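For reference, the structure is listed below as structure tokens.
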Amino acid sequence: MNRFQKRHIYLFLSLILALAVAFIADIAMGSVYIPLRTTFDALLTGTSDSGNWGYIIWQFRIPKAISAIIIGSGLSLSGLLMQTLFRNPLAGPYVLGVSSGASLGAAILIMGAGLVPFAIAIDNPVTLVVASALGSFLVLMAVMGMARKTKDSMALLIIGLMFGSITSAVVSVLSYFSEAEALQRFIIWSLGSLGHLSWGQIGILALALLLGLLFTVISIKSLNGLLLGETYAQSMGTDIKKARIYIILAAGILAGSITAFAGPIAFVGLAVPHLARQLFDTTQHKVMVPATLLLGAILMLLCDIVAQLPGYEQVLPINAITSIIGAPIVIWLLWKRNKMLF
Amino acid sequence: MTGHPKNIIQVSQVSIGYDPNEPAIGKGIGFEVETASFIALVGSNGIGKSTLLKTLDGRIPPLEGQISILGKPLEDYEIKQLAKVVSIVGTSAVESKNLSVYDLVAMGRQPHTGWLGTLSRTDHAHIKRALTLTQTEYLADRKCFQLSDGQLQKVMIARALAQDTPIILMDEPTTHLDMYHAIQVLKLLKQISKSEDKTILFSTHDIGSAIQLCNHMLVMTPEKSFFGTPCELIEAERFDGLFPKDSIRFDKNTGTFKIIE
């Protein structure tokens, strides 16, 4: 199998290069024109001596680019985990309603807090993460419970859709009763954004990504075994209950914390694992996990470059861009038969 | 592998079922299996063949009775230990259709590899040997969705062989196959059981082939289960009790079922 390994190494090297290029491009481009040279200077020296430009680069663009990398790779990994766990090519944080669960958690915190007198910590990023992660866990557990009753992948997707409806219903009720200010904050959150994260929040996100990755890595053998189904995985020595908990924890932490900070971002989690499978021509998670992380980061950086409309003052909501780019990818995969095979 | 006790599987007075509060699916099942035997499990639909296999591979506990494997009670095995002793071939289709044959067979090595599942030279040797034994080397680079049912079944058998367990349990390995490919798979299994010293226990509806190919059979009827060589079972007229007698009867002389017009 040497042939494959060599191909994989070349692919990984190309992807790392692409990631570097996309990272620099994302920093160089934006509403304010900054010469590429200055961008490099600021990046390499780490100083802001080029005045406003240096300030923009270090306080806005680099945090945003790093957010894009963490969010893109985290969501994609979460999607990969869900696709393997449910053995369903259409699984992903958004489709299965996990993002809806996170939205519900965030909505209750942002808008519900105004309704109860003792709530205080609305703007505390940690509580927002906890609330969103809790929401996504709850939905993931519920979907998991139902997935065990039904093997039908269609049923699973409909369940995800229903969770989405329930969430939006609760969100409507909450928004009806909440203050305009809180409502506005929730709507802006739900459009998704990479740009407003502070270095501290990025730190928390990075920690969540590391934690999710840790749970993924210790489950890597079980993930491969699960490709044959739970019965086979168990017969090959996997403790299914433990594996399931680890994988749900990883997927929930990733999708929950990312959704908390960046809003519900669609399609990245669903599309990227399929792109990785196509590109690397493998199902082995030892290859798929790093491939998904890299591709997710690159795709998110590209989406961010498009969203900030280089040369214009405006910035488009990131959720719109990921949908515009992600949905056709999914349709294309479905169109070419056998490509959406899991 | 050497040093196994003569009777590799011992089952005594076992009742099987999913729920202890409901009546058992099968009762009073008892038999002992010698190393390297090739054994068929027969009985009508719903009689508990799959349930018995699930009980033997440790997925569900027996409601009553004792099962020992290699002289050790089944309940004392940890999941990881059992994976080195018992491998399975199920009825369900492969869920990941994009999996390559080599990767699929390689998964059989999971109980023997480290936490990252990296394959050693020995592991690759086991995988290649499993592919050779099942005559599927030429499929190694294909994806599961490109295989016919017969090819897929052989590949699943190769995966179980790569797991390198003394016991292989199979749930209806010939279900989706035509007569020719079914016999081909059964003959292959019998041959492997002999040459590799594997104890293979499989459920089947193809009683005629099982009678011709197996060392022993377990005949499951609602009241009781009977274990013996095919000849003993025919002599004792155990196959007559398998099905209601309105449509078919067992013909002792030919060892086959005849349709009653």
Side-chain angles (χ1 to χ4, degrees), chain A residues 1-5 80 83-89 91 147 151 153 214 216-243 246 273-274 276-278 280-290 333 337-342, chain B residues 50 53-54 56-60 77-100 102-119 124 127-128 140-141 143-146 155-156 159-160 162-163 165 167-169 171:
Chain A
M1 301 287 110
N2 253 332
R3 186 159 50 86
F4 282 117
Q5 281 170 2
L80 174 68
Q83 287 173 8
T84 300
L85 183 64
F86 294 108
R87 263 102 46 216
N88 189 329
K151 283 266 165 242
S153 49
L214 185 78
T216 308
V217 170
I218 56 173
S219 317
I220 211 133
K221 237 169 113 173
S222 322
L223 283 165
N224 284 334
L226 276 170
L227 291 174
L228 289 183
E230 294 192 350
T231 306
Y232 277 114
Q234 185 171 349
S235 84
M236 295 185 292
T238 291
D239 185 337
I240 283 297
K241 274 187 199 150
K242 217 160 90 182
Y246 284 168
H274 286 289
R277 246 177 240 120
Q278 287 305 306
F280 283 79
D281 194 26
T282 186
T283 44
Q284 295 299 304
H285 286 81
K286 224 168 32 172
V287 177
M288 279 297 288
V289 168
L333 287 166
R337 272 186 65 237
N338 292 339
K339 294 293 180 201
M340 200 70 181
L341 279 180
F342 174 62
Chain B
S50 301
L53 287 171
K54 279 180 200 169
L56 288 174
D57 72 26
R59 256 182 286 166
I60 51 174
Y77 279 92
E78 282 174 28
I79 295 173
K80 280 195 177 127
Q81 286 178 311
L82 197 60
K84 290 186 177 177
V85 181
V86 178
S87 57
I88 61 167
V89 176
T91 40
S92 59
V94 182
E95 301 196 53
S96 171
K97 301 263 189 294
N98 229 346
L99 202 59
S100 83
Y102 195 91
D103 285 347
L104 191 156
V105 176
M107 278 190 198
R109 297 306 298 163
Q110 277 204 353
H112 308 276
T113 56
W115 67 280
L116 257 178
T118 311
L119 298 169
H124 282 295
I127 297 161
K128 292 207 173 99
D141 285 338
K143 304 273 184 189
C144 285
F145 70 84
Q146 296 169 316
V155 168
M156 295 312 283
R159 191 211 58 81
Q163 203 171 332
T165 57
I167 299 168
I168 303 177
L169 302 177
D171 200 357

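All values derive from a computational prediction rather than experimental measurement. Chain naming here is simple, since letters A, B, ... match the order of the sequence lines and numbering starts at 1 in each.
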Exercise for the section: Answer with side chain, backbone, both or neither: which region of B:Arg109 has an atom nearer than 4.5 Å to a non-hydrogen atom of chain A? Expected result: neither

Practice task
Side chain from CB out, backbone as N, CA, C, O: work out which of these in B:Gln163 comes under 4.5 Å of a heavy atom of chain A, or both, or neither.
Solution key: side chain

Handout entry: Distance-minimising heavy-atom pair for A:Ser235 and B:Ala83
Key = O-CB, 3.3 Å

Exercise for the section: Counting only heavy atoms closer than 4.5 Å, note whether B:Ile88 contacts chain A via side chain, backbone, both or neither. Expected result: both

Exercise for the section: May I ask you to test the A:Thr231-B:Lys54 pair for a side-chain heavy-atom distance under 4.5 Å? Expected result: no

Problem - Nearest-0.5 Å distance that lies between atom CD in A:Gln284 and atom OG in B:Ser100 - result: 7.0 Å

Exercise for the section: Taking all heavy atoms of A:Asp239 and all of B:Ile79, pick out the closest pair and write down the distance. Expected result: CA-CD1, 3.9 Å

Practice task
With a 4.5 angstrom heavy-atom cut-off, could you sort out which part of B:Lys143 is near chain A: side chain, backbone, both or neither?
Solution key: side chain

Practice task
Using a 4.5 Å cut-off on heavy atoms from C-beta on, say whether the side chain of A:Lys286 contacts that of B:Thr118.
Solution key: yes

Fill in the blank from the handout: Greatest number of non-hydrogen atom pairs under 4.5 angstrom with chain A, of B:Gln81, B:Met156, B:Arg159, falls to B:Arg159

Exercise for the section: Would you indicate whether the side-chain heavy atoms of B:Leu99 and A:Leu228 approach each other to under 4.5 Å? Expected result: yes

Practice task
Go through B:Met107 and A:Tyr232 one step at a time and tell me if the side-chain contact (heavy atoms from CB on, under 4.5 Å) criterion holds.
Solution key: CA-CA 10 Å; B:Met107 278 190 198; A:Tyr232 277 114; over 6 Å; no

Exercise for the section: Evaluate the side-chain contact (heavy atoms from CB on, under 4.5 Å) criterion for residues A:Thr238 and B:Gln110: first the C-alpha distance (whole Å), next the side-chain angles of each, then the deciding distance (0.1 Å), finally the verdict. Expected result: CA-CA 9 Å; A:Thr238 291; B:Gln110 277 204 353; 4.1 Å; yes

Exercise for the section: Find the distance between CE (A:Met236) and OG1 (B:Thr165) and round it off to the nearest 0.5 Å. Expected result: 12.0 Å

Practice task
Using modelled atom types only, decide if a donor and an acceptor are shared between the side chain of A:Lys221 and the backbone of B:Gly114 within a distance under 3.5 Å.
Solution key: yes

